[in-house]
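Structure, as structure tokens:
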Amino acid sequence: MVAKINVDSRPHPRPGNDFVEWLAEHHQSLLHRWLGAEAADTQVGLSAEEAINLSSVGGALLGALAGRSSAEQFLDASSATLSLTAWHTLLEALRRSIVAELRATTPADQSLELLVAADDALSELAGEFNRFFEEQLDQVAGERDHYESLYSVTHEIATSLELDRMVRSALEGSLKTTGADGGVLLVLDRESGQLLPWSDVGWEMNPIQPERLPEDWTQGWRNEPISPMDDIAALPPAEWLNALQVPPGMSALIVAPIIANGEFYGLLALGSRQAYRFTTEDATIVKATTTQVAGACENAEIYRLINSQAQQLGSMLRHQQEEASKSQAILESIADGVVVNNPQGQVILMNPAAERILSQPRDSLIASDVRHLVEAFDDPGGTTALSAIEQILAQSSTPLAIEAASSMLEMDNRVIHAHMAPVVTRRDEFLGVVTIFRDITKEVEADRAKSEFISTVSHELRTPMTAIKGYTDLLSGGAVGPLNDNQEHFLSVIKNNTDRLIALINDLLDISRIETGRVRFELAPVKIGEVIADVVEAMAARAQGRGLTLSYEVDAGLPEVMGDRGRLYQVLTNLVGNAINYTPEGSVTVDATIVGTAVQVSVRDTGVGIDPEDIGRVFDRFYRANDPVVQEASGTGLGLPIVKMFVEMHGGRVWVDSEKGRGSVFTFILPVPGAEPEPEASTALPSAVPPIAARTVLVVDDDPDIAQLVRMQLENNGYRVITARQGHKALERVSEDQVDLIVLDRLLPDTDGLTILDQLKSNPSTAQIPTIMLTIVEDDGEAMARGASAYLIKPVNQRSLLEEIDTVLARQGRVLIVEDDLDTAKLLTRALRRVGFTTEAASDGYEALAAARRVRPNVIIMDLRLPGMDGYEALSHLKRNITTGTIPIIAISAHVTNPVAERERLIVLGATDFLPKPIDIEELIEAVDRATKLGRLASLPTTHNSQATRKA
Ligand code: ADP
């Protein structure tokens, strides 16, 4: 091992004087011998540099042997670095040179003594060399340990993320490496700004302010090399010495700041009781240690940061998990079914309530398409829900525009309310659709029961009301003699209250019927202008009574709407009635216009108007304004809700504009089927056809009051009336008497009215007698299907009854049925005969033309697909012919894809009406009734008003 030689100042033993003298005498020849023959092998093992220096080494070696210099002085002078082995070789060579010189120059008796002295001196020198090298070895080994421990400390520091442990090992390592007696490692606490002693050995101290220390240490950017302070006792007094709280007895110090990337992290101070104990190298090593500590401090800080962030994240995660589990628990326990689907429509989440309500296990629904789920429900709810979901999914790119929707789903006698809404995050991200299902079967049933109850009670109230009203009408009409003023007044009070009561009962019934879904809409093309004219005519007297002008204005060319004429009449009656009621003076105007593809009807008045804050409530049930004019008028607050429901059931909309004290405008719109508006025909229709006198009507009713009432109403209008209280009695009367028409109650004490109807219709001698049902039972279509000619619900006013009787009796006309299909022809014949018409048949176009000319029918029913000349051709021939041109023709066909368009086409060709197959018998009879009226009208002189305006 090669080592750098250090200075050693130990005393050197002196050789004997004789030998020293002998050496001085023989110096040259010894050197010569040593370098000459003897030195040849001495050079073995020497490096080139050693070999070059050999003579100077030899001189110095001789000097050392003579005791003139110590081993290290000699080594310094030789300025060579030789290995121990090399030294021993040189010494051996020197010994041999000495022995040879002694043998050659000195007598044997003297040479032995000199030889002994030479040996002593040589072995002394060798020992010195040995010691010296051993020392060197120790020193090097110490340094190795030193570096090894430094390595292990720094390694530990570098790998340690725990500041405590790292600091301790840095301090311990430094103590060990430098041989210090005590030390302390201070770390800067960023929060308090103080230097805190994190680890100490034999150096206890309190936290200090870094400002008390020299800036060289605490200004990280300086980061200057450090050197040991050899003796602090010799230093002038300084604040930092106090601040460092150096333990008593310490003399030498190393203070190294801990700095990384220009950042000050702390301080490492080491102390030794021995002055000058620390070398510059110690200081360098300590500095290296602190650099490592600084790096570790940085790491530790990063670690702490990461750790605290991880902890934060962890607690956030825990919090979120807790929240999620709470939400989950809520979701699991709510009674409403929740189903969430993703933007693709796949079900991704559902709760147990949804499983229960939908009667399907979660496993089978998760990942399935929500659209299939709602599709499975009965229509129209299923379709509504499906289209709502489709719409939400389709608009997913603009979630702000999406609105929630709801639908009523029905399946297996269960009613489920579904509410669909988009799931949108705060950042407008569309996540899917959430559908809330609620089983409302019980509520619906309860509601139905309530409506049923109202319906039953109202029905029961109708019978006595019919009698009261009828007799009051009769009395006030003078049927039993003249009345005095008082009597007339009382009767008018009774009549008013009766009307109110009947109106209330009717309103209640309407509402309960709508709610139970039992409203039957007889949809047909309706000319709204006609309805307006009828309503205005009917209300004219009332308006006049209050000194108001009532008028109407209908746009020319107003298209027909599809609707139930009776219901639309009711809507208009209500609106016009309100306008009259709540207008103390001025006018009421009704107008109808085309707006886009809809017909818009407005009822305008100059009345009390509505408070702005009440506008939103007028369509609520039982709402009546607190206005004296309103309170004075009789009313139920049910009229407008019914108007709203009826208009909406027609696919329309109703609203109000009003100004308090100036008047109101109630407007509704109804959609027009098909785009092309059809010009409206003349609005004037004779309201009543003169009755055919001396006809016999059989009135079958178990309530004697009602029977008597109807009798009087009919007799007053020129009919002969016979009555029967029981079913079997009625059958007897029919066989005994010539009966032209029967008014039949449905609820009879012995048997039900429908059975009597069946028996009448099945007997050929009575089958032709038209029968009108007059009953409190709601029309379920049964009676008409079994051959009744009309269905009236009590209480019915005299006018309606007479009108209906008139219509039915007018069916004495002849109908030509042009149909090649025998079954259909038979069916139509039977149906028409049953209600009183006589019929003729033709099976193709040619036959039809011939029969029309021959029998001159009142109405022709024409199938369009016929062999030979088809219906279209026959139709145009008939219309062009002068004798058959005015006969109304009802076209029928099974082969039509677009009935609306077909209807228009046929009307252009001259047909009166068109009915697609399969034919609804009731509709057919109504169409024939309308056609017969039109036929009669066609023979009257025509009045053509393009814009009909009538003043009441
Ligand atoms: P009713 O007329 O039997 O009170 P409605 O439902 O028809 O019930 O009307 C509810 C309320 O709306 C009325 O009581 C009245 O306060 C207000 N209203 C209806 N029509 C008008 C109108 N043309 N002018 C002023 N107020 C009206």
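Everything numeric here is computed off the predicted structure, so don't read it as measured data. Whatever order the structure lists them in is the order used to number ligands and atoms, beginning at 1.
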Between [X] and [Y], is there a side-chain N and carboxylate O pair less than 4.0 Å apart?
X	Y	value
Lys660	Asp614	no
Lys644	Glu648	yes
Asp701	Lys794	yes

Check whether Thr606 reaches the backbone of Glu585 with its side chain - one donor and one acceptor, N or O, closer than 3.5 Å.
yes

Is any N or O atom of [X], backbone or side chain, closer than 3.5 Å to an N or O atom of ligand 1?
X	result
Gly635	no
Ser634	no
Ala625	yes

Can you tell me if [X] contacts ligand 1 (heavy atom of the residue under 4.0 Å from the ligand)?
X	answer
Phe666	yes
Ser664	yes
Pro641	yes

Protein residue, atom and distance nearest to [atom], heavy-atom basis:
atom	answer
atom 3 (O) of ligand 1	Thr636 N, 2.8 Å
atom 23 (N) of ligand 1	Asp605 OD2, 2.8 Å
atom 21 (C) of ligand 1	Tyr582 CD1, 3.4 Å
atom 11 (C) of ligand 1	Tyr623 O, 3.4 Å
atom 4 (O) of ligand 1	Arg624 NE, 2.5 Å
atom 7 (O) of ligand 1	Asn578 ND2, 2.7 Å

Ligand 1-proximal atoms of [X], by part, heavy-atom distance under 4.0 Å:
X	result
Leu640	both
Leu638	backbone
Val603	neither

Tell me yes or no: between the side chains of [X] and [Y], is some donor less than 3.5 Å from an acceptor?
X	Y	answer
Asp473	Gln713	no
Thr593	Asp555	no
Tyr791	Arg746	yes
Arg542	Asn581	yes

Shortest heavy-atom approach to atom 12 (O) of ligand 1 - which of Ile610, Val618, Val576
Val618

Contact check, side chains of Val601 and Ile528, non-hydrogen atoms, under 4.5 Å:
yes

So, do Val554 and Asp591 sit near enough that their side-chain heavy atoms are less than 4.5 Å apart?
no

Between Ile706 and Ala467, what is the shortest heavy-atom contact and its length?
CD1-N, 4.0 Å

If you count the atoms of ligand 1 from 1 in the order shown, which ones are under 4.0 Å from a heavy atom of Asn574?
7 (O)

